[in-house]
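In this chain, residues are counted from 1 in sequence order.
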Amino acid sequence: MADEEDHVVEEVDVYLSKGLADKLYLFQYPVRPASMPYDDFEHLAARIKPKQKKVELELGLDTSNPNYSKSKGEQIAINVDGTAHGSSGRTYESNMMDKQVLSSTNTSTSTSRYAVGIFRDGELHLTPLQGIVQLRPSFSYLDKAENRGNRDKQDAEGESSQSEAEEEAKPVKVQFVRAESDHAKARRLASFQYHEQKLNEETWTDVIFCSKNDSQAHLERDNLFSQSNTNETSRFDIPPKEYLSMLVPESSEGVNTKPQMPSNVLSISQLKSMSITDQVLALLKNAKVLRFMQLQTILPGNPDPTAMLRALQQGAMLVQGSWVVKSEVLYPKDTCSPVSGVPAEILCRGRDYVMWRFTQSRCIVRKEVASITKLPSEDMKEILEQMARTKVNQGWEFAIEYDKEFVDQHSEVVQRQQMIWDAKYQQLSKVLKVPKGEGEKRTRKDSAAAAEVSPGQERTRHRSRSKSLSKDKSPVKQAQLVNNTHMNVQGKELSFNHGESSTSSGSIADNALPGSSGVRIKSEPPDVRIKKEPVDKPVPMETGEVQNSRLAANAHITNGPSHTQTSSMDSTNNDLLEAVRTFLRDKFQANCVLSISELRKMLLFRVSESRPDDVLNTGVSDRVMEECAIQSGATALPIPWPVNHSVDVDRRIYVSWQCGDASDKYRKVIMDMYQDKFKYRRNQFTEQFRTLVGSEPSTKAECDRIIKSMCVSKGGFWFLKGTTGS
């Protein structure tokens, strides 16, 4: 029986009438019983706001009805209009509450699926509804009574004050209103007060009310019938089910009427209907932070890891081995914060800076970040709660532990993400005006409590070890002892590294990232004087970790092994050599001219940020670095130093002039020039370009860029970078 078709009982022609399509409203009275309509009430006035679809009706009250309390009606009129009779602008002209106002509110129901139908002569005529409003009694007269009471009270206080002696005249301070910023304007436009003001700007339009039995109502009711006289109809050649879906399309409201799941939960059926990119993006939007292994477990089926990584890099950034959804995904362009009204562009910058800070440390302090981003406290708290949790005496800690497994297995992705972060930080530091050395200052602050030794112990320890060094004349023993010398000055752990007339100090922050050595290279504090004992022969620099029971919780950068160790290329690990060459190629790509001391500082900083198992932690001597620099394409430049050159600089200068672009030939000319002379005028460069190359750079700006990439200007002369000491 279920497969049998229903028999057609009757066919009815359906017409669509548009005579009242833009003017037809359905009135509902939710607080009025259907058995007690307002038809018998006197309708005094009617008005409408078409844009807001808001309606008001004024209905007269029967004051002669025995159920009407005249004393209450008179009291309400006095409270609203006062005791003065006959004044204009009164709400109740009869000095009694003789009317009530019905005010409408819009329903949340969409009117696109509703119409009014009239059946006549075997024809069904449908007219779409413009709006559905619900009318309820308005109590705005109570607000008027309260406002009038406040005014009367103020007037009474003003009269009493006039009888008293006038106060002395006081100077008036004139203030100029500051120009409204974009941030303040966005908050004002998103406020409820502004929204209410815009609604009140639309004026009321008076309309005429006609009862249902009025002749005018009959004429208007005729507009509900279609005025078309043609009987021609279009022939449908579509299946009944398709026609029914066209006639009654699926409503988006059906989705909203379903029980909603938590905001951070997605159903498997929803995920299966999406592509792999949309699946990853949907999960990131809800979770905010995810590990790669977590994502593999959540995604239905057996997703391809390569496709997952590709999708992750489109919608997320790598932070401590985990993936954090991009700020642009959470805050699309041309939107603003629902909390404070801050534009999305400012929110994205602030959130990106928070994410970058988490790439540098496990914990961050909210106050420090807020001072840079200048975001409101509500937005800052929301951003931090997305990716971190509070930790006592530490601030905000990243929500997920460091994912070492992912970092080890996908080194290429990690390196690519690091390059993206480097470029993003350069942009953020310019826009947010991040102070230089802000990261180093923060690390010194975090590491202040690494170890505590009393001031007396500090001085005694340093003095005793200095004496032992002075007594021992052996250079080998001196190097070994100095490399293991450390002390604590004002809560900072210092390591003394003897070699190449340089001393570096390092400390580990308590919140250093897992997988990194936690070592920060900092300049020597101004209040600490370190006595450098002379040695017979300089000891090559090594970068490595001192492993002993005393320093088990700290890592130090040593500045050279004993003479019993060799630093020759033959005995150096091939992986280490390749890592050094790769490191140097990256640095020379960004800086054409570098000295060995500058490269050493860069390497020390790299080691301080790397994992303990990084091959660079095994030690890199100056000799290995010099030979790897040459193998990386750099040239050791023999500069003719002046005899009276008193600036203390490292004279081992290396130049990499080959960058693979059209400017290589000009950089080669500059490099050759500095082998003959120590300083030049700018016009001397252009003359050599024309003589040796045959042409100058295309523009003056391009010429300046090439020169500045290798030289610095001082006193009207151009010096090779690294030769002036500044």
Tyr353 versus Arg349, side-chain donor and acceptor atoms under 3.5 Å: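 Judged by distance alone, the side chains do not pair up.
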Side-chain donor-acceptor contact under 3.5 Å, Arg362 with Gln394: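 The criterion, which ignores hydrogens and geometry beyond distance, is not satisfied for Gln394 and Arg362.
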Heavy-atom pair with the smallest gap, counting every atom of Cys592 and Ser709: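 Closest approach of Cys592 to Ser709: CB-O, 3.9 Å.
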Under 3.5 Å, side chain of [X] to main-chain N/O of [Y], donor-acceptor pair present?
X: Lys721; Y: Lys708; value: yes
X: Arg291; Y: Glu401; value: yes
X: Lys433; Y: Lys430; value: no
X: Gln386; Y: Val289; value: no
X: Thr635; Y: Leu637; value: no
X: Ser595; Y: Glu598; value: yes

Derivation of the salt bridge (charged side-chain N to carboxylate O under 4.0 Å, His left out) call for Glu578 and Arg581: CA-CA 5 Å; Glu578 183 58 33; Arg581 284 192 288 265; 3.4 Å; yes
Show me the side-chain donor-acceptor pairs of residues 410-419 shorter than 3.5 Å, one per line, residues at least two apart or across chains.
from: His410; atom 1: ND1; to: Phe406; atom 2: O; distance (Å): 3.3
from: Arg416; atom 1: NH1; to: Gln313; atom 2: OE1; distance (Å): 3.0
from: Gln417; atom 1: OE1; to: Leu318; atom 2: N; distance (Å): 3.1
from: Gln418; atom 1: NE2; to: Asp422; atom 2: OD1; distance (Å): 2.9

In a table with atom names and distances, give each donor-acceptor pair under 3.5 Å that connects a side chain of residues 297-306 to protein atoms at least two apart or in another chain.
from: Thr297; atom 1: OG1; to: Met293; atom 2: O; distance (Å): 2.9
from: Asp304; atom 1: OD1; to: Thr306; atom 2: N; distance (Å): 3.4

Criterion salt bridge (charged side-chain N to carboxylate O under 4.0 Å, His left out) on Asp664 and Lys668, from CA distance to verdict: CA-CA 6 Å; Asp664 286 350; Lys668 179 66 165 58; over 6 Å; no
